[in-house]
Amino acid sequence: MNDFLHQLPAFVGNHVALSALFVILLVALLAIQARIMFSKIKELSPAALTGLINRGNPLLIDLSALADFEKMHVPGARHVAMSQFDPEKKDLAAAKSLPVVLMDKDGRGNAAKAAQRLLKAGFEQVFTLGGGVLGWHAAQLPVAKGNK
């Protein structure tokens, strides 16, 4: 270890661009991790969502396109089109104290945007499903088909 520390300044001096790139990537990684740790919206893995479903009665909202929802969705999830998603609706506003899990097809779409809207509306427990419904299916968990 001592030899490494003695050679480090020479390495950095000889490889300035490489060292700068390393520092930039390290800072970016730390910033992303800090953002995830301090976010009020928690991302659930399919296994964590299964545990949440088994422990309580979370409200599952699928924001996928209707055609995608009909092909495959998490059992018990309700379909809501993003254009119809309104945290102030009576149905949804009544669930402010319940855990609410938002999901979309692949975990990269509307779920995070909708989660922000729920937090602004005063919801206490807001989650997203990491990887979306495709991640749920890839974990070989059961899926439902059709409108219900």
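Note that the structure is predicted; figures quoted are calculated from it, not measured. In what follows, residues are counted from 1 in the order of the sequence shown.
In the hydrophobic cluster analysis, where Ile, Leu, Val, Met, Phe, Trp and Tyr join through side-chain heavy atoms closer than 4.5 angstrom, Ile53 is grouped together with Met103. A chain of hydrophobic side-chain contacts below 4.5 Å, direct or via other Ile, Leu, Val, Met, Phe, Trp or Tyr residues, connects Val12 to Phe4. When hydrophobic clusters are built by joining Ile, Leu, Val, Met, Phe, Trp and Tyr residues whose side-chain heavy atoms come closer than 4.5 Å, directly or via intermediates, Val143 is grouped together with Leu129. In the hydrophobic clustering of this structure, Leu52 does not group with Val100; members are Ile, Leu, Val, Met, Phe, Trp, Tyr whose side-chain heavy atoms approach within less than 4.5 Å, directly or through other members. Clustering ILVMFWY residues whenever any of their side-chain heavy atoms sit less than 4.5 angstrom apart, transitively, puts Leu60 in the very cluster that holds Leu134.
Across all non-hydrogen atoms, the minimal contact from Ser64 to Asp62 is OG-OD1, 2.6 Å. Across all non-hydrogen atoms, the minimal contact from Pro46 to Ala139 is CB-CB, 3.9 Å. Nearest heavy-atom pair, Ala48 versus Leu44, reported as atom, atom and distance to 0.1 Å: CB-CD2, 4.0 Å. For Pro87 against Phe123, the heavy-atom pair with the smallest separation is O-CE1, 3.8 Å.
Summarising the geometry, atom CG belonging to Leu26 is positioned 11.0 Å from atom CG belonging to Leu21; distances are rounded to the nearest 0.5 Å. Rounding to the nearest 0.5 Å gives a distance of 12.0 Å between NZ of Lys145 and CD of Glu70. Of the inter-residue distances, the one linking Arg117 atom CZ with Glu88 atom CD reads 9.5 Å to the nearest 0.5 angstrom.
Residues Phe127 and Leu118 form no side-chain contact, since every pair of their non-hydrogen atoms from C-beta on lies 4.5 Å or further apart. For the pair Val126 and Gln116, the minimum side-chain heavy-atom distance is 4.5 Å or more. Counting heavy atoms from C-beta outward, Leu63 and Leu102 have side chains that approach closer than 4.5 Å. Looking at Phe69 and Val80, their side chains never come closer than 4.5 Å, going by heavy atoms from C-beta outward. Side-chain atoms of Asp106 and Asp104, non-hydrogen and from C-beta on, do get closer than 4.5 Å to each other. Contact of the Leu98 side chain with the Gln125 side chain is not registered, since no non-hydrogen atoms from C-beta on lie closer than 4.5 Å. Residues His73 and His79 form no side-chain contact, since every pair of their non-hydrogen atoms from C-beta on lies 4.5 Å or further apart. Two residues are said to be in side-chain contact when any heavy atoms from C-beta on lie closer than 4.5 Å; Thr128 and Glu43 meet this criterion.
Of the possible donor and acceptor atoms, one in the side chain of Trp136 sits under 3.5 Å from a partner among the backbone N and O of Pro142.
Other residues, nucleotides and ligands contribute at most 12 non-hydrogen atoms within 6.0 Å of the NZ atom of Lys71. When the shell of 6.0 Å around CG of Asp86 is examined, it contains more than 12 heavy atoms from other residues, nucleotides or ligands.
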